[in-house]
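What follows is a set of notes on a single structure, which appears directly below.
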Amino acid sequence: MNIAVIGAGYVGLVTGACFAELGNHVTCIDVNTQKIANLKQGILPIYEPGLDAMVITNMQQGRLHFATSLTELDAQASVIFIAVGTPSDKDGSADIKYVLEAARNIGAYITQDCVIVDKSTVPVGMADQVENIIKQELAKRSLNVSFNVVSNPEFLREGAAIEDFMRPDRVIIGLSSDNAKALMLDLYLPILRSPERIYFMNVKDAEMTKYAANAMLATRISFMNEMSVLCERMGVDIENVRIGIGSDSRIGPAALNAGCGYGGSCFPKDVRALVKMAEKHGVTPVMLNAVEQRNASQKLLLSERMTHLFGEDLTGIVVGVWGLSFKPGTDDMRESPAIVLIEEVIKRGARVQAYDPAAMPVARETLPDQWFRSGQLALAEHQYGALQDVDALALITEWKPFCYPDIAAMKNLMRKPIILDGRNQYDPRQIRDAGFEYYGIGR
Ligand SMILES: NC(=O)c1ccc[n+]([C@@H]2O[C@H](COP(=O)([O-])OP(=O)(O)OC[C@H]3O[C@@H](n4cnc5c(N)ncnc54)[C@H](O)[C@@H]3O)[C@@H](O)[C@H]2O)c1
């Protein structure tokens, strides 16, 4: 099949590379000319395990191409994916300008019948807007092209994106045309092998399914975070409670880890966008607001712990930070709890030494330059380098190399043996027996 993917970010690049890997002819298009120039040389804009090898192999095999506009395509695409960003707008609603622009580009380009597949997470009703824009553009060219707009929300997790794409739990497809249905089946059957796990529904139902899924996961995390605060006050270990309730088949173990808050490019913005959708339709989103509120306070827990330990004024205190990305396996720092911690302690006068296995180039590029120039934030070359003479270590991201560290080396390097475990990675007794002060989340 000939496929075009508009947007070569996390979702677009994984979608393009995986469909190419399955034998399709794919062109990924992005307005970021530097990104496309790099991709053409095999340089990827993101860290995602296994993606670079897949991109390079498929480029070499002539199945995967990169371009800066649809007009560069030499072949006509029968499927065009929209995978551009939908970040939060100022008021928290989804900013749909990139999707609208992609729709205009499609309308100005297509010359033959095709299916437009929206993979971006978009507000309910967006497919109708995309359809109208494409029709307007076609009318300007007096062209009569038949097309369908399909909603196919993406559920991949950064850090496990290829596995999730190639072996999804299910594929959700919202559509209203039999032709589009046949084409989507052709596209996805090589991945799913059997059609039972492809759920066809109305377009709006599919659009809402994506928001509801992310909101549900965020709710479970915020629920556990709230429980963790209560557990800590009452001398209960949230980790045992997690195992206890996660083993209930009605509950299940996923997304029950208490911690220093969720971040990333999806949960925060999608919960906020759903709040705005609810308000727009006269529904007070009591639960969603609480989910957000709990997450915001959870992100402050570690800096509050620092002030309990060292006082409001942190001048002279050095904080070691392990992990900057919002989760392991990615260099994505969007809305990472690490940013909140670093900002809060720097505000109170502390210095920070941080290390992350993948996200340090992103940190250098996205965190305020002033922090680096003033020496308030330094990036260490090694995880133990971040511990030299620190008064406390905050573990933010549970990257594997942080899970079984050299405790003796840590003790030697740190000025004070204090560990704030934002992801409940360590056994408190073991750490305390080694002579550390240990603070987890809800333990
Ligand atoms: N990142 C995830 O884990 C994930 C998972 C599921 C769904 N999603 C959703 O998928 C969508 C994309 O997310 P992402 O993380 O890949 O975003 P991203 O920011 O990594 O990438 C978006 C890309 O689109 C490009 N772009 C913007 N306008 C364009 C245009 N008119 N033409 C061509 N390219 C254009 C940008 O330059 C950028 O490279 C969002 O709606 C997001 O909510 C993301």
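The basis for the numbers below is simple: all heavy atoms, side chains too, and nothing from hydrogens, waters or symmetry mates. Every number for a ligand or one of its atoms is a count from 1 in the order of the listing.
Within ligand 1, the atoms closer than 4.0 Å to a non-hydrogen atom of G7 are 24 (O), 25 (C), 33 (C), 34 (N), numbered from 1 in the order shown. If you number the atoms of ligand 1 from 1 as listed, the ones under 4.0 Å from a heavy atom of I29 come out as 33 (C), 34 (N). Listed by number with element, the atoms of ligand 1 under 4.0 angstrom from any heavy atom of E158 are 1 (N), 2 (C), 3 (O). Residue K35 approaches ligand 1 through these ligand atoms, each under 4.0 Å from one of its heavy atoms: 38 (C), 39 (O). Atoms of ligand 1 lying under 4.0 Å from at least one heavy atom of I6, given by number and element, are 32 (N), 33 (C). Per-residue contacts place S265 under 4.0 angstrom from the following atoms of ligand 1 (heavy atoms of the residue considered): 1 (N), 2 (C). Near T86, meaning under 4.0 Å from any of its heavy atoms, are these atoms of ligand 1: 40 (C), 41 (O), 43 (O).
Annotation for M1: atom CE counts as buried by contact number, over 12 foreign heavy atoms lying within 6.0 Å. The 12-atom threshold is not exceeded at CD of Q293, counting heavy atoms of other residues, nucleotides or ligands nearer than 6.0 Å. Other residues, nucleotides and ligands contribute only 12 or fewer heavy atoms inside 6.0 Å of the CE atom of M287. Heavy-atom contacts from other residues, nucleotides or ligands closer than 6.0 Å to CZ of F200 number more than 12. Heavy atoms of other residues, nucleotides or ligands lying less than 6.0 angstrom from CG of N144 number 12 at most.
Between Y262 and F267, the ring planes are perpendicular. Angles over 60° get that label, and only those under 30° would be called parallel.
Residue V122 does not touch ligand 1, judged by heavy-atom distances below 4.0 Å. At a heavy-atom distance under 4.0 Å, only backbone atoms of A83 (N, CA, C or O) approach ligand 1. The backbone and the side chain of S120 each have at least one atom closer than 4.0 Å to an atom of ligand 1 (non-hydrogen atoms only). At a 4.0 Å heavy-atom cut-off, ligand 1 touches K210 through the side chain alone. Under 4.0 angstrom from ligand 1, the non-hydrogen atoms of R334 all belong to its side chain.
In this structure, the separation between CZ on R294 and OG on S228 is 7.0 Å, given to the nearest 0.5 Å.
Remark: ligand 1 and V11 share an N or O pair separated by less than 3.5 Å (distance only, no angle test). Of the polar atoms of D270, none of the N or O atoms is found under 3.5 Å from an N or O of ligand 1, judged by distance alone. Backbone and side-chain nitrogen or oxygen atoms of N32 are examined, and none is located within less than 3.5 angstrom of a nitrogen or oxygen of ligand 1.
Using a 4.0 Å cut-off between charged nitrogen and carboxylate oxygen, K119 and E154 count as a salt-bridge pair. Electrostatic pairing of E343 and K299 does not count as a salt bridge here, judged by no charged N lying under 4.0 Å from a carboxylate O. A salt bridge links E131 to K135: one of the charged nitrogens lies within less than 4.0 Å of a carboxylate oxygen. Residues D270 and K210 are not paired through a salt bridge, judged by the lack of any N-O separation under 4.0 Å between the basic side chain and the carboxylate. Using a 4.0 Å cut-off between charged nitrogen and carboxylate oxygen, E101 and R104 count as a salt-bridge pair. Salt bridge E232/R305: present, at least one basic N to carboxylate O contact under 4.0 Å.
Note on ligand 1: K269 sits in its first shell, one or more heavy atoms being nearer than 4.0 Å.
Annotation: atom 28 (N) of ligand 1 to nearest protein heavy atom, Y98 CD2, 3.6 Å. If you check which protein heavy atom lies closest to atom 21 (O) of ligand 1, you get G9 CA, 3.2 Å. Of all protein heavy atoms, the one closest to atom 23 (C) of ligand 1 is D30 OD2, 3.6 Å. Closest protein heavy atom to atom 31 (N) of ligand 1: E101 CG, 3.7 Å. If you check which protein heavy atom lies closest to atom 22 (C) of ligand 1, you get G85 N, 3.6 Å. Closest to atom 6 (C) of ligand 1, if we only count protein heavy atoms, is E154 O, 3.2 Å. The protein non-hydrogen atom at the shortest distance from atom 9 (C) of ligand 1 is T121 OG1, 3.4 Å.
Cation-pi contact between R170 and F155: present, with separation from the ring centre below 6.0 Å and deviation from the ring axis of at most 45°. In this structure, R334 is not positioned above the aromatic face of F326 in the sense of NZ or CZ being under 6.0 Å from the six-membered ring centre and within 45° of the axis.
Considering D95, N105, V31 only, the shortest heavy-atom separation from atom 34 (N) of ligand 1 involves V31. Ranked by closest heavy atom to atom 11 (C) of ligand 1, the top entry among V14, L100, V84 is V84.
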